[in-house]
Amino acid sequence: MEHTNWLISTLVYLGAAILAVPLAKKLGLGSIIGYLAAGIAIGPFGLQFVSDTDSILHFAEFGVVLMLFLIGLELEPPRLWALRRPIFGWGSLQLIGCAVALMGAALAFGVSWPIALAAGLGLGLSSTAVALQSMHERSMLPTSSGQAVFAILLLQDVAAIPILALIPLLGVKADIVGHPGLHALKALGVVVGIVVLGRLLLRHALRWIARSNSTEIFTAASLGLVVGLAALMQAAGLSMALGAFLGGVLLAESEYKRELETDVEPFKGLLLGLFFMAVGMSIDFAALSHHITLVVGLLVGFLLIKAGVLWGLAHLIKIPRGERPVFTLLLAQGGEFAFVVFQQAEGAQVFSADISTILIGTVALSMVVTPLLLVAVDKWVLPRYTPVSQPGSTSLSEPQEAPIIIAGFGRYGQVIGRLLYANGLKATVLDHDADQVETLLKFGFRVHYGDATRLPLLRTAGAATAKVLVVAFDDLEHSLKLVDVARAHFPNLAIVARARNVQHWYALRDRGVTMIERETLDSALMSGRSVLEQMGWHPYHARQMAMKFRRHSVNQLEKLWPHHQDEKALVALTKQGRQQLQELFAQEREAAQRRGPQSWGDEQR
């Protein structure tokens with residue numbers, strides 16, 4: 001289907017996913033199985049709608065890159081530094097332990113040591129995509145096992161440097177490969193360059209783009225940033241996902257963190273689904289069927305060997321017993337990076353094309369089998385345990401859990417925020433003005449750049465669990481749009497809104513908002529009080545008049561609201577209200593004159 005119209009190809013991918021994924025989730029198998037099944041169904045060994053699986057796989061790998069970027073955004077540099085021991089300690093133990101055990105098993109069956117070493121290194125790696133997606137579906141990232149899995153996967157990405165440098169040295173064409181030391185220096189230089197330039201330029205570049213107030217341009221910049229980092233790492237012979245992860249970490253403390261997450265998340269989901277479909281398409285069932293006994297033996301053997309090493313590692317690093325089965329399964333499978341290792345080993349003539357095909361097929365099958373095994377573990381194994389998170393563990397994922405969200409942090413929102421902070425209440429603040437965000441950060445406010453009317457950003461900000469949403473936008477259209485989105489998707493979220501004028505107040509009431517304050521009412525009444533005092537009124541009397549006027553104004557609006565679209569009724573009720581107010585104040589003036597000014601002072605005292 002290489003030369004078929006790309007619209008038809010897109011329709012095939014989307015149609016297969018739309019049919020397979022909901023069915024798989026309904027059967028309790030999870031979305032990964034759905035995507036893999038869809039890929040197998042439309043691939044060369046299914047309905048043959050797609051034949052060029054290699055190019056699709058390379059394109060879809062960008063989904064894994066975007067996933068690592070998002071995870072990097074949740075790991076601020078101090079927290080990443082705190083994980084250095086798990087990454088280099090547990091990660092090294094896993095990779096070396098599994099590679100040595102697999103190599104030893106291969107040598108025991110009479111395999112030559114170069115083939116055994118290349119196969120052991122490739123099979124010792126695990127699938128970042130399958131593991132992280134499975135953990136996301138189970139909300140595992142904050143658990144001790146989730147942290148351990150993530151640390152090990154990150155080490156495997158770092159290990160790309162020595163593995164890719166080593167594989168060609170094992171083969172016949174080792175002489176054409178450059179000096180491994182130079183390759184390592186080049187890789188190190190790229191990493192250092194990303195860190196240094198990222199610290200100096202990334203925030204300023206994003207701030208300049210944000211000032212355009214163009215959502216689509218900021219989305220393009222977000223994707224361009226990830227693509228650029230991935231391209232740099234690939235040019236240096238490193239893992240693209242590692243480059244994206246570093247970029248995410250560099251921006252984890254920036255005010256643009258939440259907006260970047262919101263922009264990248266949809267693309268990540270789509271491309272990650274396409275990646276799993278491409279894995280399903282890439283399984284060469286024809287070639288594997290000729291060596292079915294060998295393939296099954298390899299699949300079962302390498303899964304059991306890795307599982308044994310990982311179970312021992314789980315015991316060593318004190319992962320709770322209830323979390324060990326999932327920890328073991330998530331890392332026992334083969335990984336997408338093994339495809340690159342085996343293809344490079346074939347190119348360097350470490351082993352033949354047949355061996356490469358068998359090993360790649362075995363890894364792909366392990367990625368298919370693992371989600372099924374996880375379903376079995378969830379159903380039959382985990383109910384025997386009581387999962388317990390390790391006390392004092394550092395969470396890798398920090399969703400916003402503040403009970404209050406303030407949308408708009410201008411002159412109105414800042415007063416609310418300062419009052420809340422002064423009383424020890426935390427709030428997640430969202431503002432779409434880049435200059436305003438930059439200014440507020442200088443004063444120590446924790447503000448996130450982004451358009452709060454976007455549903456994904458609201459979800460990221462914690463609207464599903466927050467108690468109160470403060471709508472403090474200056475713009476009437478944005479204010480009403482945010483209320484509509486919040487009412488539709490978060491009905492339990494209490495809304496406290498700012499009204500620019502009476503028409504804005506009516507529009508908010510039409511949407512069911514009851515806690516509304518007109519922004520100029522109280523300040524205007526304070527000025528009115530000052531005028532009365534200057535005209536000789538006692539301060540207490542002036543205050544009482546202002547408060548009565550306020551109560552009357554609020555009550556009058558409530559009476560007018562049901563009729564605000566009926567002009568005649570509105571005019572009549574407004575005149576009636578004005579007359580009632582005049583009569584009320586006339587009675588107050590008469591009472592004040594009878595008591596005299598001094599009586600107001602006595603009453604005040």
Side-chain angles (χ1 to χ4, degrees), residues 43-44 53-58 60-61 64 95-96 98-107 109 111-130 153 156-157 159-174 176-177 234 237-241 275-276 278-292 294-303 305-306 331-370:
T53 59
D54 286 341
S55 60
I56 295 168
L57 185 61
H58 291 314
E61 282 177 3
V64 184
L95 184 56
I96 294 172
C98 289
V100 169
L102 291 166
M103 181 181 177
L107 291 174
F109 280 94
V111 178
S112 64
W113 75 265
I115 296 177
L117 179 56
L121 288 171
L123 295 175
L125 300 168
S126 310
S127 172
T128 301
V130 174
L153 291 172
Q156 290 183 8
D157 277 331
I161 306 170
I163 290 176
L164 288 177
L166 175 63
I167 292 297
L169 300 178
L170 302 176
V172 177
K173 295 185 178 180
I176 66 172
V177 180
Q234 189 179 48
L238 302 178
S239 165
M240 292 190 296
F275 171 78
F276 291 127
V279 170
M281 297 177 209
S282 66
I283 302 175
D284 190 342
F285 289 100
L288 297 180
S289 63
H290 295 305
H291 308 281
I292 187 65
L294 177 60
V295 170
V296 172
L298 277 173
L299 178 62
V300 174
F302 103 81
L303 286 176
I305 290 171
K306 286 185 73 175
L331 293 171
Q333 66 191 303
E336 51 275 358
F337 192 66
F339 301 156
V340 181
V341 173
F342 295 147
Q343 287 169 355
Q344 186 167 358
E346 179 188 344
Q349 297 182 14
V350 177
F351 42 61
S352 65
D354 284 343
I355 294 176
S356 177
T357 300
I358 291 170
L359 290 174
I360 289 174
T362 302
V363 169
L365 285 175
S366 75
M367 295 168 71
V368 174
V369 168
T370 296

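Nearest heavy-atom pair across Met103 and Trp113 is CE-O, 4.0 Å. In terms of heavy atoms, Ala118 sits closest to Val350 at CB-CG1, 4.0 Å. In plain terms, the two heavy atoms of Met367 and Gly335 that are nearest each other are SD-C, 4.4 Å. Here the shortest heavy-atom pairing between Lys306 and Gln333 reads NZ-O, 2.9 Å. Here the shortest heavy-atom pairing between Phe351 and Ala345 reads CZ-CB, 3.5 Å.
Under the rule for a side chain to side chain contact (heavy atoms under 4.5 Å, CB included), the partners of Ala101 that lie at least two apart in sequence or sit in another chain are Ile305, Val309.
The distance from the OG atom of Ser366 to the CG atom of Leu298 is 11.0 Å, given to the nearest 0.5 Å. If you take CG on Leu153 and CG on Leu95, they are separated by 11.0 Å, rounding to the nearest 0.5 Å. Asp354 CG to Leu359 CG: the interatomic distance, rounded to the nearest 0.5 Å, is 11.0 Å. From Leu121, atom CG reaches atom CG of Leu102 across 9.5 Å, with rounding to the nearest 0.5 Å.
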Side-chain donor/acceptor pairs under 3.5 Å, residues 123-130, sequence neighbours excluded:
unit_1 : atom_1 : unit_2 : atom_2 : d
Ser126 : OG     : Gln156 : NE2    : 3.3
Ser126 : OG     : Leu331 : O      : 2.7
Ser127 : OG     : Val130 : N      : 3.1
Ser127 : OG     : Glu336 : OE1    : 2.7

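Between His291 and the options Thr357, Thr362, Ile358, a side chain to side chain contact (heavy atoms under 4.5 Å, CB included) holds for only Ile358.
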